[in-house]
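A short worksheet on the structure shown next.
Both ligands and their constituent atoms are indexed starting at 1 by order of listing.
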Amino acid sequence: MPKTVSILHILKKKLRQANISSPETESRAILCHVSKMRYEKLLVENDIPQAHFDAALQAAKRRINGEPLAYILGKKEFFSLEFLVNPDVLIPRPETETLIEAALRKKNVISNILELGTGSGCIIITLLKNIPNAQGVGVDISQKALQVADINASLHKVHNRLTLLLSNWYSNLHSKQFDIIISNPPYIKKSETLDRTLTFEPAQALLSGTTGLESYKAIASCAKQFLKCTGSVFVEIGKGQDVEIKNIFEKEGFQIVNEFQDLASINRCLEFTSKKTF
Ligand SMILES: C[S@@+](CC[C@H](N)C(=O)[O-])C[C@H]1O[C@@H](n2cnc3c(N)ncnc32)[C@H](O)[C@@H]1O
């Protein structure tokens, strides 16, 4: 049987030669995944079965081909919670945690949450985990994405407080008033050339029309119908999109009340409320 240490060495070398940025961490993650063992346990095993070695080499090959590690492992951590992912959903991004932190500032006044474009469910599920009495509705245009969100809701035991709905933005929603509407919509222009790793993710999770702003227009246009008059809309935005998105919301009767930056100091989340009429 192959030696654990030598396998780790071989995997690390292959990943490093392919310019993978964290070869050590990723080779450990791959070997733990295929052998279904924690790293501490793996280290005390001198040998591992040939089948696990073959599976690890296969996984490394996929990684070297550009496939994101999260799809190979089938999971991704977000806001200290683990979410199941597959190629039907966008992989949760660290910058989206900015949206969570922004919304949680309001946790004491939130009972009802609407998430538009829920994907893996990482946003709405994280909010429900952190706001124990709140109820949520998560909509997506992809039935396959909703199936993943449903599994994640069960894994995190919030399925009894979450309704998942197949809907083109608001199209299948009934007139309910929410305390917040939250969304990380697709925001890349269709004409943009995507990095190779992004081509593994669903196009409808990433691309939004010719300007990259079409999702925000759709979200802003009906938001008032579904928001309490004291409610807020939180949206994640792409780098440099803030001015245009503020204009879109202002035209629909909203005012910007807060802007939040991610760890790279990029404006990543905008909070809007209805314009006050005196
Ligand atoms: C950027 S992903 C966000 C996924 C997840 N909320 C997250 O932050 O990781 C955008 C999501 O919006 C969904 N979507 C795209 N167009 C939509 C539409 N017209 N109506 C509802 N959902 C849509 C996509 O299927 C995708 O799951």
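- Residue Glu115 places a heavy atom under 4.0 Å from ligand 1.
- Regarding atom 9 (O) of ligand 1, its nearest protein heavy-atom neighbour is Cys122 SG, 3.4 Å.
- With a 6.0 Å cutoff to the six-membered ring centre and a 45° limit on the axis angle, Lys239 does not count as a cation-pi contact of Tyr187.
- The existence of a salt bridge linking Arg28 and Glu24 is confirmed by a sub-4.0 Å separation between a basic side-chain nitrogen and an acidic carboxylate oxygen.
- In terms of hydrophobic clustering, with Ile, Leu, Val, Met, Phe, Trp and Tyr side chains grouped at heavy-atom distances under 4.5 Å, Phe53 and Ile72 are assigned to different clusters.
- Listed by number with element, the atoms of ligand 1 under 4.0 Å from a non-hydrogen atom of Gly119 are 4 (C), 27 (O).
- Close N/O approach between Gly117 and ligand 1 is found [any backbone or side-chain N/O within under 3.5 Å].
- Arg196 and Asn65 are linked by a side-chain donor-acceptor pair at a separation below 3.5 angstrom, with hydrogens and angles left out of the test.
- Atom 22 (N) of ligand 1 has as its closest protein heavy atom Ile141 N, 3.2 Å.
- By the 30° and 60° cut-offs, the orientation of the rings of Phe254 relative to Phe272 is perpendicular.
- In summary, of the residues considered (Ile124, Leu162, Leu128), a side chain to side chain contact (heavy atoms under 4.5 Å, CB included) with Glu115 occurs for Ile124 alone.
- A salt bridge is defined here as a Lys NZ or Arg NE, NH1 or NH2 lying under 4.0 Å from an Asp or Glu carboxylate O, and Arg93 with Glu236 fails to meet this definition.
- When Trp169, Tyr170, Phe178 are each tested for a ring-ring contact (aromatic ring centres under 6.0 Å, His included) with Phe226, only one passes: Tyr170.
- Residue contact check for ligand 1: Ser120 places no non-hydrogen atom closer than 4.0 Å to it.
- Taking only nitrogen or oxygen atoms, main chain and side chain alike, Asp140 reaches within less than 3.5 Å of ligand 1.
- Contacts between Ser167 and ligand 1, counted as non-hydrogen atom pairs separated by less than 4.0 Å, involve the backbone only.
- Closest protein heavy atom to atom 2 (S) of ligand 1: Ala205 O, 3.5 Å.
- Of all non-hydrogen atoms in Lys107 and Ile131, the two that sit nearest each other are O-CG2, 3.8 Å.
- Note: an N/O pair closer than 3.5 Å links Trp169 and ligand 1 by distance alone.
- With hydrogens left out, the protein atom closest to atom 19 (N) of ligand 1 is Asn168 OD1, 2.8 Å, a heavy atom.
- Below 3.5 Å of separation, one finds no N or O of Ile123 facing any N or O of ligand 1.
- At least one heavy atom of Pro186 sits closer than 4.0 Å to an atom of ligand 1.
- Counting heavy atoms from C-beta on, the side chains of Leu114 and Val139 come closer than 4.5 Å.
- Taking any N or O of Asn184, backbone or side chain, at least one lies under 3.5 Å from an N or O belonging to ligand 1.
- Using a 4.0 Å cut-off between heavy atoms, Thr118 contacts ligand 1 through its backbone alone, with no side-chain atom that close.
- Within the listing of ligand 1, atoms 15 (C), 24 (C), 25 (O) sit less than 4.0 angstrom from a heavy atom of Gln204.
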